[in-house]
Enquirer: 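My structure is below; once you've seen it, I'll send some questions.
Chain naming here is simple, since letters A, B, ... match the order of the sequence lines and numbering starts at 1 in each.
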Amino acid sequence: MKRSNRSRFVATRRPAILAFAAVAAVSTIAACSSSSSSSSSSAAASSSSAAASTSASASASSSGGSSTGIKKGLVVYFIPKDTQNPYEVLADQGGAKALAELGGKVVVSSGTADTAAAQIPSIQAAIQAHANAIVIAGNDPSALCPSLQQAATAGIAILSFDSDVTCGSSPNHLFVNQANTESIGTSEVDILAKEIGDSGQIAILSAAASATNQNSWIAYMKQELKKYPKMTLVKTVYGNDDPATSLTVLQGLLSAYPNLKGIISPTTVGIQAAAQYLDTHKSLLSKLTLTGLGLPSQMKPYVKDGTVKEFELWNPSQLGYLAGYAAASLASGTATLTTGSSFKAGSLGTYKVLAPTTGVGPSIVLGPPTVFDAANIDQFNF
Amino acid sequence: MSSDIAPPAAGAEPAAGAGMQGARPDRPAGPRIRQSLWQQAGRWEVGLVIVLIASLAFGSSESSTFDSQTTLFYGGINAGFISIMALPMMLIVVTAEIDLSVASTLGMAGALLGDLWHHGWGLWPALIAALAVGVVGGALNGFLVAKAGLPSIAVTIGTLTLYRGIAEILLGSQTIPGAGDRTFPAWFTKIGVVPVPGTHLSYTTVFFIVLAIICGVVLHATPLGRSLYAIGLQPEAARFAGIRVARIKFWLFVASGLICAFAGILLVAQNSSVSYNAGYGLELNVVAIALFGGVSIFGGRGTVLGVVLSAAIVATLQMAMTQMNIDPNVQEIVIGALLLISVVVPSLGKLARWPALRARRSRS
């Protein structure tokens, strides 16, 4: 009985496996083409606006002085750290708004994990699509440079935002800085010092250990801490911008340092994870203070119930909007990387390229960070 | 009959009656099972060729930038170093073991290279040290699995964390070369920027092809290769036949460590830099390439050709989907679906042969 069954199977197996392979291929294609059509239609929607070409000639302090205006139909690739991070999503929307005003379009492309390996295919896709500019939030300061250099060689304008890349001159690029790096680092220490009375053990809950922006802020925090000799930084832990990891390292921190008085989390994912934990462990609040960089929309409940008193941020969609205008201006040649070169950034006004400093190439700065507390948080909707 | 097929609770010891039933036809069926597995493997590769052609057709019809030599080059850049790790992985899986520490070994070797470079070592000594640490890492896995007899899945989950932890201790938040470090020499880093002269293949692709040929010859044309299948199918019988099961498994893990360290060096060169999280989480992609290539997770079955085809399919789909700007979550679903198919389809065959298989597994 068994034998007969097996021989029957052998006879029918070949077509069955081939059929499965074919089904696999067809279903793969079906899944892909359906989602591609939806993404292209959303991209098309943003290019319909008939924006007047914004001329940057008004403030002609740039070396060229020509007033060619922004080209139409520019394609700018926004490559965020990953496609899930709410902060990055807001920034990308700001970029799309800028390009829609300028008659171009934004393509958002990245991976699901915060790694350089996940961003490199997106850079390659931008090169192959003959994009005009790439705006990238680097997951790694150096690993992306070879790919970005290839993009620059292909004539693509390179910009970084949120988290800079340190590629030296290969390629030269513009860093769209959210706020003065030093003031972000120092102001967070000042806020925490004010709340805990200038003394006690503190710790930092950061994102990925290789994140450029985090590390440069932390360097300034350490510098600022010299002003508060009674405050000691006991540890910096890394939650990789993942809520679960952030929670795990936070719990480790709290058990290792029971006398911890303050935590600075200069990342929106980390501060939210920490606030959520403190919210469910209110007994900790009597001795522990949390501050850092957070999204007002995410932090509102924790500010309202007193878990967090103050935190900072800038408007991420304005950052993306500024990056979008900067990318379009560089790609059109109406702005250059020369110090003092200026361009108009739509509703944000005119921006000037700042001189390179140690470790940072040419950059523009969005503006000072906003401090949010119970009194003003209702005014912000991002 | 139906009662034999109905409960496919994998790994569960069969009831006495079913075991007897399955054992009965085993002796004459032994060589025949072997043969039919070979035939089935042949058919699996036919299926893979069809999927590869379909993927290529899909890419060139849906993406305007797919039909170009740069796609070949970029695909190699993205998938080459991952596929290289799939080769020792498939040899290990053929012997019914697994090595989940591959991506961490890659990270540890790269981190050591970066750390030594940071401390002023020359490039060649640092490269040799990086390969050596891969060998040591592989030897630890091999010792614990082959000599101490521990389950490889548990051992290598442990070393997955251990080796990544060592990488993190070595480099911390540094990226090498950082401020003040020498940059890597241009001949080393050019492999991430230019293809092999005269071709459009990345250096990693060429290394993958060379290693695949070596693996193919070893697995399919030598007594050692045949003994790998024997170990995967029936370790006890293999041992009684004079095959040094423990020694072979040990050296397989050492080879895996060495090749993963080599892949780690390639990744450092490709990125012109290294940080502790290089290759983070890629072990599952490596396993996926091997399994989709038709390598049975239960051991004893799989061909190098299948793994090569599988690597090509994964690289093709990834390039096409990124060019089309498909949501990365959807991309992961597609790869996950492929993996599921590769597990489900062969076990449709197993389901029909369930009693014989169950008898075989209960004895080992």
Enquirer: May I have the step-by-step check of side-chain contact (heavy atoms from CB on, under 4.5 Å) for A/Gln124 and B/Asn78, ending in yes or no?
Expert: CA-CA 10 Å; A/Gln124 294 167 344; B/Asn78 299 335; 2.7 Å; yes
Enquirer: Look at the side chain of B/Asn271 and the backbone N and O of A/Pro146, then say whether any donor-acceptor pair between them is shorter than 3.5 Å.
Expert: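 Flag not set: sc B/Asn271 to bb A/Pro146 has no pair under 3.5 Å.
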Enquirer: Does OH belonging to B/Tyr280 count more than 12 external heavy atoms closer than 6.0 Å?
Expert: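 Atom OH in B/Tyr280 is not crowded, with 12 or fewer foreign heavy atoms closer than 6.0 Å.
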Enquirer: If I measure from the heavy atoms of chain B, does A/Asn240 come under 4.5 Å with its side chain, its backbone, both, or neither?
Expert: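 A/Asn240 touches chain B through side-chain heavy atoms alone.
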Enquirer: What distance do B/Ser173 atom OG and A/Gln214 atom CD have between them, rounded to the nearest 0.5 Å?
Expert: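 Separation between the atoms: 11.0 Å.
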Enquirer: Given the options A/Thr166, A/Val108, A/Ile120, which has more heavy-atom pairs under 4.5 Å with chain B than any of the others?
Expert: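 Looking at each option in turn, the highest pair count goes to A/Val108.
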Enquirer: Using non-hydrogen atoms only, which part of A/Gln150 is less than 4.5 Å away from chain B: side chain, backbone, both, or neither?
Expert: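 It is the side chain, since no backbone atom gets that close.
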Enquirer: Side chain, backbone, both or neither: which part of B/Ser272 has a non-hydrogen atom closer than 4.5 Å to chain A?
Expert: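 For B/Ser272, the contact with chain A is made by backbone and side chain together.
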Enquirer: Closest heavy-atom contact between B/Thr322 and A/Ala125?
Expert: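 So the minimum-distance heavy-atom pair works out to O-CB, 3.8 Å.
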Enquirer: With a 4.5 angstrom heavy-atom cut-off, could you sort out which part of B/Thr189 is near chain A: side chain, backbone, both or neither?
Expert: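 Neither part.
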Enquirer: Do you know which two heavy atoms are closest between B/Ser275 and A/Asp140, and how far apart they sit?
Expert: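 In this case the closest contact between B/Ser275 and A/Asp140 is OG-OD2, 2.6 Å.
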Enquirer: Hey, could you give me the CE/OG distance between B/Met324 and A/Ser109, rounded to the nearest 0.5 Å?
Expert: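 Reported value, rounded in 0.5 Å steps: 12.0 Å.
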Enquirer: Heavy-atom distance under 4.5 Å to chain B: side chain of A/Leu144, backbone, both or neither?
Expert: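 Contact with chain B is absent: no heavy atom of A/Leu144 under 4.5 Å.
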Enquirer: Considering only heavy atoms and a distance below 4.5 Å, find which of A/Ala118, A/Ala117, A/Gly111 pairs most often with chain B.
Expert: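 Sorted descending by pairs with chain B, the first entry is A/Gly111.
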Enquirer: Tell me whether B/Ser273 contacts the main-chain N or O of A/Ala143 through its side chain, where contact means a donor paired with an acceptor under 3.5 Å.
Expert: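 The answer is yes, because a donor-acceptor pair under 3.5 Å joins these two groups.
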Enquirer: Minimum heavy-atom separation for B/Pro328 and A/Thr83, please, with both atom names.
Expert: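 So the minimum-distance heavy-atom pair works out to CG-OG1, 3.4 Å.
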Enquirer: For B/Glu332 and A/Thr112, which I'm curious about, is there any donor-acceptor pair between the side chains at under 3.5 Å?
Expert: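 Indeed, the side chains of B/Glu332 and A/Thr112 share at least one donor-acceptor pair under 3.5 Å.
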Enquirer: Please classify the contact of B/Ile77 with chain A as side chain, backbone, both or neither, using a heavy-atom distance under 4.5 Å.
Expert: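 Only the side chain of B/Ile77 comes within 4.5 Å of chain A.
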Enquirer: Counting only heavy atoms closer than 4.5 Å, note whether B/Thr175 contacts chain A via side chain, backbone, both or neither.
Expert: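 The side chain, not the backbone.
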Enquirer: Taking the side chain from B/Gln323 and the backbone from A/Ala129, do they hold a donor-acceptor pair closer than 3.5 Å?
Expert: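 Looks like no, no N/O pair under 3.5 Å.
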Enquirer: Test side-chain contact (heavy atoms from CB on, under 4.5 Å) on B/Asn329 and A/Gln84 and set out the steps.
Expert: CA-CA 10 Å; B/Asn329 295 306; A/Gln84 323 287 311; 3.1 Å; yes
Enquirer: Checking B/Tyr276 against chain A: side chain, backbone, both or neither under 4.5 Å from a heavy atom?
Expert: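 It is the side chain, since no backbone atom gets that close.
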Enquirer: Could you have a look at A/Thr115, A/Asp82, A/Asn215 and say which one has the most heavy-atom pairs with chain B under 4.5 angstrom?
Expert: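 Top count of heavy-atom pairs under 4.5 Å with chain B: A/Asn215.
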